[in-house]
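Just so it is clear: chains get the letters A, B, ... in the order the sequence lines come, proteins before strands, and each one is counted from 1. This structure is a prediction, so every number in the text was calculated from the model and none was measured.
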2 protein chains.
Amino acid sequence: MRGDSRLSRMLHVLLHMARHNTPFTSEQIAKMLGTNPVVVRRTMAGLREAGFVSSERGRGGGWSFVSDPTTITLLDVHRSVGATDVIALGSGDSDPACGVERVVNHALAEATGEAEAILLRRLGEVTLAELSTQLDAICKAEGWDDQHAPHQG
Amino acid sequence: MRGDSRLSRMLHVLLHMARHNTPFTSEQIAKMLGTNPVVVRRTMAGLREAGFVSSERGRGGGWSFVSDPTTITLLDVHRSVGATDVIALGSGDSDPACGVERVVNHALAEATGEAEAILLRRLGEVTLAELSTQLDAICKAEGWDDQHAPHQG
DNA sequence: AGATTCGTAACTTACGATGTTACGATATTC
DNA sequence: GAATATCGTAACATCGTAAGTTACGAATCT
């Protein structure tokens with residue numbers, strides 16, 4: 001897999017957490033995502049700042065979902081993990097004297113701007129609650145219990 | 001500037017070349033782009049394979065535009081430079097057993113897929129000839145001759 | 001006090017685009 | 001045919017970002 005996996009990972013975690021009452025430790029989440037507890041804390045710090053989760057230290061501590069899944073969109077999560085530019089097509093100088101560069105920059109900005117706008121709009125249209133509903137359908141169709149579904153990734 | 005600048009740079013070069021008859025050396029192009037002749041050759045090799053330009057070795061050699069600007073779209077150039085995924089939002093495992101991951105992957109693929117489709121469509125709708133026409137307008141409005149316009153970038 | 005768990009700094013690794021050096025191949029000029 | 005100009009390409013270095021790792025301090029519970 002290439003690029004930034006933070007959004008994907010955090011959605012994964014949030015979906016699980018929104019369906020359980022007990023806190024998850026960074027260790028557990030790291031196993032769930034196939035990564036390291038420090039990476040989990042680092043990434044989830046953004047979710048905490050956004051108010052989506054809380055963390056408690058010490059024995060019995062861990063991460064808890066403390067918000068309303070119907071109000072959190074994928075865009076909210078995307079922003080909370082501190083993602084930068086999603087579209088990697090750079091234009092050159094931002095204030096070019098060269099007319100050629102100005103024409104090129106403008107054409108590229110048109111295309112990438114619209115694509116990025118669409119992406120953010122789509123992310124903003126989907127809530128965690130909607131994903132959870134989709135998950136219900138899968139669990140039911142395959143006779144799964146979310147708690148015991150396999151977790152290779 | 002962040003990300004991949006190859007498309008931007010190659011459009012810059014192609015626009016210049018399409019308006020002149022003499023070949024450009026890698027050295028000249030490198031100065032134009034603020035980079036290195038080797039980078040120019042490396043990137044323009046893709047344009048040559050696509051049939052948009054040709055290169056000649058030895059004294060008096062260099063790069064020449066050998067195609068029709070009305071038939072080359074920005075998408076053609078984008079593809080010829082060997083660009084990979086433009087949208088950097090990765091999903092996790094491509095064939096996950098975990099239902100949560102399947103739901104997340106699907107939601108992200110929907111959003112990024114549509115954004116990428118829009119981007120490619122837009123790039124495919126603009127030809128080099130159209131950019132050249134826009135450039136004519138700028139040159140005329142500002143009393144420029146393309147040959148002598150400044151080239152800081 | 002001891003165990004658990006998060007917070008965070010510091011360092012390393014991985015990867016792709018870019019930059020640089022070096023040298024060989026080819027074409028022109030004299 | 002020697003000198004020069006120019007591309008072709010390999011090899012290596014640099015840079016930015018996400019990710020992985022180690023280490024240790026802070027907080028909380030038993």
Quiz item: Tell me: CE of A:Met44 to C1' of C:dC6, nearest whole Å?
Solution: 12 Å
Quiz item: Atom CG of A:Leu7 and atom P of D:dA18: how far apart are they, to the nearest Å?
Solution: 13 Å
Quiz item: What residues, two or more places apart in sequence or in another chain, satisfy side chain to side chain donor-acceptor pair (under 3.5 Å) together with B:Asp85?
Solution: none
Practice problem: Return the set of residues passing side chain to side chain donor-acceptor pair (under 3.5 Å) with B:Asn36 (not counting sequence neighbours), or none when no residue passes. | Solution: none
Short side-chain N/O contact to [N] OP1/OP2 from [X], under 4.0 Å:
X: B:Arg59; N: D:dA2; answer: no
X: A:Ser26; N: C:dT5; answer: no
X: B:Thr25; N: D:dA5; answer: no

Enumerate, atom names and distances included, each donor-acceptor pair closer than 3.5 Å involving a side-chain atom of residues 47-58 of chain B, sequence neighbours excluded.
residue: B:Arg48; atom: NH1; partner: B:Ser55; partner atom: OG; Å: 2.9

Quiz prompt | Those residues that, when tested against A:Thr71, pass side chain to side chain contact (heavy atoms under 4.5 Å, CB included) (two or more places apart) | solution = A:Ser67, A:Asp68
Give each protein N/O atom lying under 3.5 Å from an N/O atom of nucleotides 21-26 of chain D, with the pair distance.
residue: D:dT21; atom: O4; partner: A:Arg42; partner atom: NH2; Å: 2.9

Quiz item: Ion pair present between B:Arg122 and A:Glu114, side-chain N to carboxylate O less than 4.0 angstrom?
Solution: yes
Exercise. Could you name each residue pair satisfying ring pair (Phe, Tyr, Trp, His ring centres under 6.0 Å) that touches residues 55-110 of chain B, not counting sequence neighbours?
Key: none
Practice problem: Keeping to residues at least two apart or across chains, list the ring pair (Phe, Tyr, Trp, His ring centres under 6.0 Å) pairs with something in residues 23-49 of chain A. | Solution: A:His20-A:Phe24
Quiz prompt | Residues touching DNA chain D, which here means a heavy atom under 4.0 Å, drawn from residues 45-55 of chain B | solution = B:Arg48, B:Ser55
Self-check item: Remaining members of hydrophobic cluster (4.5 Å side-chain criterion), B:Ile118
Solution: A:Ile118
